[in-house]
Protein chains: 2
Amino acid sequence: MTPVAKRKMERRKTFNDYIAKKQLKSTKQRDTIFNEFFNNYMGKHVTVEELYEGIKQNHPSIGFATVYRTLKLFKESGIASERNFGDGKARYEPIRSETEHHHHMICTECGQIMEFANMQIESCLLQVAKLNEFDVLNHKLEIYGKCSNCSD
Amino acid sequence: MTPVAKRKMERRKTFNDYIAKKQLKSTKQRDTIFNEFFNNYMGKHVTVEELYEGIKQNHPSIGFATVYRTLKLFKESGIASERNFGDGKARYEPIRSETEHHHHMICTECGQIMEFANMQIESCLLQVAKLNEFDVLNHKLEIYGKCSNCSD
DNA sequence: TTTATTATTGATATTAAATATCAAAATCGT
DNA sequence: ACGATTTTGATATTTAATATCAATAATAAA
Ligand SMILES: [Mn+2]
Ligand SMILES: [Mn+2]
Ligand SMILES: [Zn+2]
Ligand SMILES: [Zn+2]
């Protein structure tokens, strides 16, 4: 089994476990949204509206509210992250592995989003928090500017 | 003259210059809001609503829209920063010096906001950007978690 | 100082994203 | 299959941000 396929199963299990733990129900809609999101938006940062429009193509009966609620569920269960890049719309992205962690550079010109990770920044940050006796739950680092295409 | 008083004059000049350059007008309301904001909210992160409520005490005729627009003007002229800490409300803070730059740790329990600066993080960040040929305009780093009071 | 021009103000309306409501439908343990 | 519980999709509500506009104020010109 490829690592991608393995991760796919893990994610499914995590979600199913969450559903079970919270005494929620498995539904066709949740399945559909799960598949659409994790098959078509890997490495993307999609808004609720965008995902809804995408799903509507093949599943016209699924409502916006259900997509909205299901993405929230993905977030709560730890298989997706919510992001906010300052345009007033929440974005969601699949979490690629249990341990991965990254930040973003957002081109203010063309909207392109680039990802990066940096161990040194992460450890500096934890050190700062420790120094201030601050118990870190999560953090975000965003760089805004122009990508190489747009800064010519 | 104390450094604080000096900075006060600089800020006033920066704002006046901006007003002049953009062919805007000096008004009593802008003066009032300027004084309230820079006298009472140094080191704070105030929402438009909060500042408006504060000003209303002594200046009941000043409207919300004017406070809103004036804070935007402060931002545009470079004497205030707009911040967004994930509660859906924009916050504004006076810029304390031409060169200062800092980030935030936000307690998700009590809402306390702590500031910090870290040169190492800043240089790592610029290095990452350079590597990706990304032209940095600005960036933000926020740490969410529990402050020492709240994590007992 | 009066007048003309242009910008500002404050009240109110609009927008847009997030979230709440609710009756009908679906799920699931028995 | 039944009954309890949750979900769904349509729609309504909320809220912060922003737009509109007639009355007013600030500045420039005469
Ligand atoms: Mn990402
Ligand atoms: Mn600050
Ligand atoms: Zn770009
Ligand atoms: Zn706290």
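In the text below, chain A, chain B and the rest are named by the order of the sequence lines, each starting its count at 1.
When heavy atoms are screened at a 4.0 angstrom cut-off, B/Lys22 is found touching no nucleic acid atom at all. Note on B/Glu49: nothing from the nucleic acid sits closer than 4.0 angstrom, heavy atoms only. Within the nucleic acid shown, B/Arg30 comes within 4.0 Å of sugar-phosphate atoms alone, with no base atom in reach, counting heavy atoms only. Using a 4.0 Å heavy-atom criterion, one finds that A/Ser26 contacts the sugar-phosphate atoms exclusively. Counting non-hydrogen atoms under 4.0 angstrom, A/Lys25 reaches a base of the nucleic acid.
Between B/Phe37 and B/Tyr92, the distance separating the two ring centers is not shorter than 6.0 angstrom.
Within the 4.0 Å cut-off from OP1 or OP2 of D/dA26, not a single side-chain nitrogen or oxygen of B/Lys28 is found. A close approach under 4.0 Å does not occur between any side-chain nitrogen or oxygen of A/Thr27 and OP1 or OP2 of C/dT27. Proximity of B/Tyr68 to the phosphate of D/dA17: no side-chain N or O atom is located under 4.0 Å from OP1 or OP2. In this structure, A/Gln29 does not reach the D/dT7 phosphate: none of its side-chain N or O atoms is under 4.0 Å from OP1 or OP2.
The terminal axes of the helix from C/dT1-D/dA30 to C/dT30-D/dA1, fitted over 5 pairs per end, subtend an angle of 30° to the nearest 10°.
Residue pairs meeting the side-chain hydrogen bond (donor to acceptor under 3.5 Å, both in side chains) criterion with at least one member in residues 3-12 of chain B, sequence neighbours excluded, are B/Arg7-B/Glu10, B/Lys8-B/Asn39, B/Arg12-B/Asp31.
Note on ring orientation: taking the six-membered ring where Trp is involved, the planes of B/Phe74 and B/Phe34 are perpendicular (angle over 60°, cut-offs 30° and 60°). Aromatic ring pairs are classed by plane angle as parallel below 30°, tilted from 30° to 60° and perpendicular above 60°; the pair A/His103 and A/Phe116 is tilted.
A distance of 11.5 Å separates CG in A/Asn132 from CD in B/Glu115, rounded to the nearest 0.5 Å.
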